[in-house]
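A short worksheet on the structure shown next.
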Protein chains: 2
Amino acid sequence: MTIQKLKELGLKLTPQRLAILNLLEGNMNHPSAEEIYNQLKPQYPSLSLATVYNTLEILAGAGELQEVRIKSDKRHFDPNSAPHGHFLCRSCESIYDLDSGAYEIKAPFNVNGYQVEECTLYFYGICPKCQAAAKNNGN
Amino acid sequence: MTIQKLKELGLKLTPQRLAILNLLEGNMNHPSAEEIYNQLKPQYPSLSLATVYNTLEILAGAGELQEVRIKSDKRHFDPNSAPHGHFLCRSCESIYDLDSGAYEIKAPFNVNGYQVEECTLYFYGICPKCQAAAKNNGN
DNA sequence: TTACTAAATTACAATAATTATAAATTAGTA
DNA sequence: TACTAATTTATAATTATTGTAATTTAGTAA
């Protein structure tokens, strides 16, 4: 997720790409393409949603970020490309990283002849914040 | 996934619902709504895609079947509602059940304060058939 | 600096899965 | 047999994403 990586991939360093990279760098919010677009639009009025999708597609294809399909309607993106689980809070709808040694699965491996190259792990439940909020409202 | 279950849920036993139930019973193919629709259409020419979606929605909501979101474009449905992993072959695009004790995760549980009620496990790779086919073609 | 060119961006149209709507039909019951 | 709420149906609407074709631009080399 660095400028250097873009160069290595033979990609042009356009302002749009740099802006998207910059927004994603260290971002833990798992934004969707549209959220990225909306956040950058004020600073880059000419920015097109297609460019956002295009850039995300390239970066995901290069393994620089991962798609998170934990929500039914739209895709979300995570600049942390290392394998880790994701958690969707059913109350606030936020997506969190959930990196737990106890529930870690390391690909590649082979089960019953199925050659597993990759795997995704999605958890659904209630996040700590919403649990606390529920308690304060009298359980 | 039985007629009895429909009754228990207070649902009317319409021919459409019975046909969908019957098609899903023991089905290991993880069909999409459209596939179900296309398979039943010849026998039930008046069948509407909306009815298929509606029925699947009800059954999934009642925990009688599970949605499989392993493919990017569309949802698939599995009449086996017991927790188990799914495998998508990147070659033939088939979806398989992948029930492996070694990679089983039992919800509910709590990690770092996150209350996990449910989880899904998706595996991606090459299925045994396609591995064999690749070998026969001279690796 | 300037000119060149392939790559990238943009606006917009198109696609496709799913959902909503409202009228017509029907399963279950009295 | 008639009734009514539930269901089905056809169709329109929605919405995320992708395709397209014209315009712009980053990077390079004269």
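What you see is a predicted model, and the numbers here were worked out from it, not measured in a lab. Note on naming: letters A, B, ... go to the chains in the order of the sequence lines (proteins, then strands), and numbering restarts at 1 for each one.
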Just wondering, do A/Cys127 and A/Ser91 contact through their side chains at under 4.5 Å, heavy atoms?
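When only atoms from C-beta onward are counted, A/Cys127 and A/Ser91 do not touch, as no gap falls below 4.5 Å.
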
Less than 4.5 Å apart, side chain to side chain, heavy atoms only: is that true for B/Gln16 and B/Val52?
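They are not in side-chain contact.
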
Rounded off to whole Å, could you give me the [atom1]-to-[atom2] distance for the [X] and [N] pair?
X       : N      : atom1 : atom2 : value
A/Ile3  : D/dA26 : CD1   : C1'   : 14 Å
B/Tyr44 : D/dT7  : OH    : P     : 17 Å
A/Leu18 : D/dT25 : CG    : P     : 15 Å
B/Leu40 : D/dT9  : CG    : P     : 11 Å
B/Asn54 : D/dT11 : CG    : C1'   : 16 Å

Is the closest basic N to carboxylate O distance between A/Glu118 and B/Arg90 below 4.0 Å?
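Between B/Arg90 and A/Glu118 there is a salt bridge, with a charged N closer than 4.0 Å to a carboxylate O.
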
Residue pairs passing the ring-ring contact (aromatic ring centres under 6.0 Å, His included) test where at least one lies in residues 26-59 of chain B, sequence neighbours excluded
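Counting only pairs at least two positions apart or across chains, the ring-ring contact (aromatic ring centres under 6.0 Å, His included) contacts touching residues 26-59 of chain B are B/His30-B/His86.
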
Heavy atoms of other groups near B/Glu8 CD, more than 12 under 6.0 Å:
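Enclosed.
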
Would one find a side-chain N or O of B/Arg17 under 4.0 angstrom from OP1 or OP2 of D/dT8?
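The answer is yes; a side-chain N or O of B/Arg17 sits under 4.0 Å from OP1 or OP2.
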
Do B/Ile95 and A/Val116 sit in the same hydrophobic cluster, where Ile, Leu, Val, Met, Phe, Trp and Tyr count as joined when their side-chain heavy atoms come under 4.5 Å apart?
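Different clusters: B/Ile95 never reaches A/Val116 through Ile, Leu, Val, Met, Phe, Trp or Tyr contacts under 4.5 Å.
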
Whether each nucleotide of nucleotides 11-30 of chain C has a protein heavy atom under 4.0 Å at its base (B), only at its sugar-phosphate (S) or at neither (-) is summarised, 5' to 3', as B-----SSBB------BS--

